[in-house]
Novice: 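Here it is, the structure in full.
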2 protein chains.
Amino acid sequence: MFNAVADECRRRILASLARGECTVGQLTESLALPQPQVSKHLRVLRDAGAVRCRTQGRHRVYRVDPTALRELHEWTRQFEALWNERYDRLDDLLHDEEFDVDTDSDDEKGPT
Amino acid sequence: MFNAVADECRRRILASLARGECTVGQLTESLALPQPQVSKHLRVLRDAGAVRCRTQGRHRVYRVDPTALRELHEWTRQFEALWNERYDRLDDLLHDEEFDVDTDSDDEKGPT
DNA sequence: CCATCATATGTCTATATGAGTATATGTCAA
DNA sequence: TTGACATATACTCATATAGACATATGATGG
């Protein structure tokens, strides 16, 4: 699943499908990608459980399977506490960092 | 960033760091990975902006940079509406799917 | 049946990268 | 300075895979 969204084409496909289900042809057109490439990415997404499809006439209608995406969402939540804590920013100031720390950012201090 | 979390070793590193900052040696030990591998994964994570580090004595103390992780979290939110909607499950029943659909789930139907 | 449309798959190449090993860099202590 | 420790990098090999092309599969209409 994590691997499935690691590719930008697939992320674009998912973003398209998030707006509503699509056929392969519609994706091929809207994303301006060769059809075999779309099909192969859809295959990866299907194997990862990120999308489902149904056959409608000669078309294959794909749509997002929210469940798999939700797992990804849940995984990122383990870091939620970190970006809620202002400690983090504060920590930056207490320790001397040796990368791109703009030590002159004296504007935002005093979080209420 | 998406690529950074596509690897399970790196996800484990991030999960460790989510619990608190660590030195490379601590990660090497707790994850039971060879040290060069840990360093290389940390390098990828650093380049992706997922972690930061500071030098403390002979040690390098790494910690999560929540900002980058938050972006990932935000990306997954575009699918939030989908797993909130019950339409999705309903849609399964209206169309004939050709995968693992338990067609005998006749309990939830009738929302006009 | 055949022809056509829509999609999937196979094959090839180039490239990215993870694992493993050896070694370089850098820091501290004496 | 030397030596030990902590970490980073270089190098090699094997594997995974995206891209592009050709082609196979499957459904529809006559």
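Chain letters run A, B, ... following the sequence lines, proteins first, then strands; residues in each count from 1.
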Novice: Quantify the bending of the helix from dC1(C)-dG30(D) to dA30(C)-dT1(D) as the angle between its end axes, each fitted on five pairs, to 10°.
Specialist: 20°
Novice: Which residues satisfy the side chain to side chain contact (heavy atoms under 4.5 Å, CB included) test with R11(A), sequence neighbours excluded?
Specialist: V5(A), E8(A), F2(B), W75(B)
Novice: Short of 4.0 Å, heavy atom to strand atom, which residues of residues 23-30 of chain B count as contacting DNA chain C?
Specialist: none
Novice: Would you list the atom pairs, donor with acceptor, under 3.5 Å between side chains in residues 37-44 of chain B and any protein atom, with sequence neighbours excluded?
Specialist:
residue	atom	partner	partner atom	Å
S39(B)	OG	Q35(B)	NE2	3.1
H41(B)	ND1	R10(B)	NH1	3.1

Novice: First and last nucleotide of DNA chain D touching chain A, 5' to 3', heavy-atom cut-off 4.0 Å?
Specialist: dT17(D) to dT28(D)
Novice: Side-chain contact, heavy-atom cut-off 4.5 Å: Q78(B) with R19(A)?
Specialist: yes
Novice: First locate atom CG of L14(A), then atom CG of L45(A), and finally report the distance between them rounded to the nearest 0.5 Å.
Specialist: 5.0 Å
Novice: Establish whether L27(A) and V61(A) are linked, either directly or via other cluster members, by ILVMFWY side-chain heavy-atom contacts under 4.5 Å.
Specialist: no
Novice: In the structure I gave you, are the side-chain heavy atoms of L69(B) and V64(B) within less than 4.5 Å of one another anywhere?
Specialist: yes
Novice: When you compare the side chain of D65(A) with that of V51(A), does any pair of heavy atoms fall below 4.5 Å?
Specialist: no
Novice: What I'd like to find out is whether the side chain of S16(A) reaches to under 4.5 Å of the side chain of S30(A), using heavy atoms alone.
Specialist: yes
Novice: Round to a whole Å and report the spacing from CZ of R43(A) to P of dA8(C).
Specialist: 10 Å
Novice: Can you name the side chain to side chain donor-acceptor pair (under 3.5 Å) partners of R12(B), sequence neighbours left out?
Specialist: none
Novice: Among residues at least two apart in sequence or on other chains, which ones pass side chain to side chain contact (heavy atoms under 4.5 Å, CB included) with A68(B)?
Specialist: M1(B)
Novice: Report the distance from atom CG of L42(A) to atom P of dA6(C), rounded to the nearest whole Å.
Specialist: 16 Å
Novice: Taking atom OG1 of T67(B) and atom CG of L72(B), what is their separation to the nearest 0.5 Å?
Specialist: 12.5 Å
Novice: Using the side chain to side chain donor-acceptor pair (under 3.5 Å) criterion, which residues pair with H59(A)? Sequence neighbours excluded.
Specialist: none
Novice: Using a cutoff of under 3.5 Å, can you pull out all pairs of nitrogen or oxygen atoms linking the protein to nucleotides 26-30 of chain C, with atom names and distances?
Specialist:
residue	atom	partner	partner atom	Å
dC28(C)	O4'	R58(B)	NE	3.4

Novice: For each nucleotide in nucleotides 14-21 of chain C, reading 5' to 3', give B when a protein heavy atom comes within less than 4.0 Å of its base, S when such contact involves only the sugar-phosphate, and - otherwise.
Specialist: ---SSBBB
Novice: For T76(A), which residues count as a side chain to side chain donor-acceptor pair (under 3.5 Å) partner, sequence neighbours excluded?
Specialist: H73(B)
Novice: Once you round to the nearest 0.5 Å, how far does CH2 of W83(B) lie from CD of E71(A)?
Specialist: 10.5 Å
Novice: Among all residues two or more places apart in sequence or in another chain, which pass the side chain to side chain donor-acceptor pair (under 3.5 Å) test with E29(B)?
Specialist: none
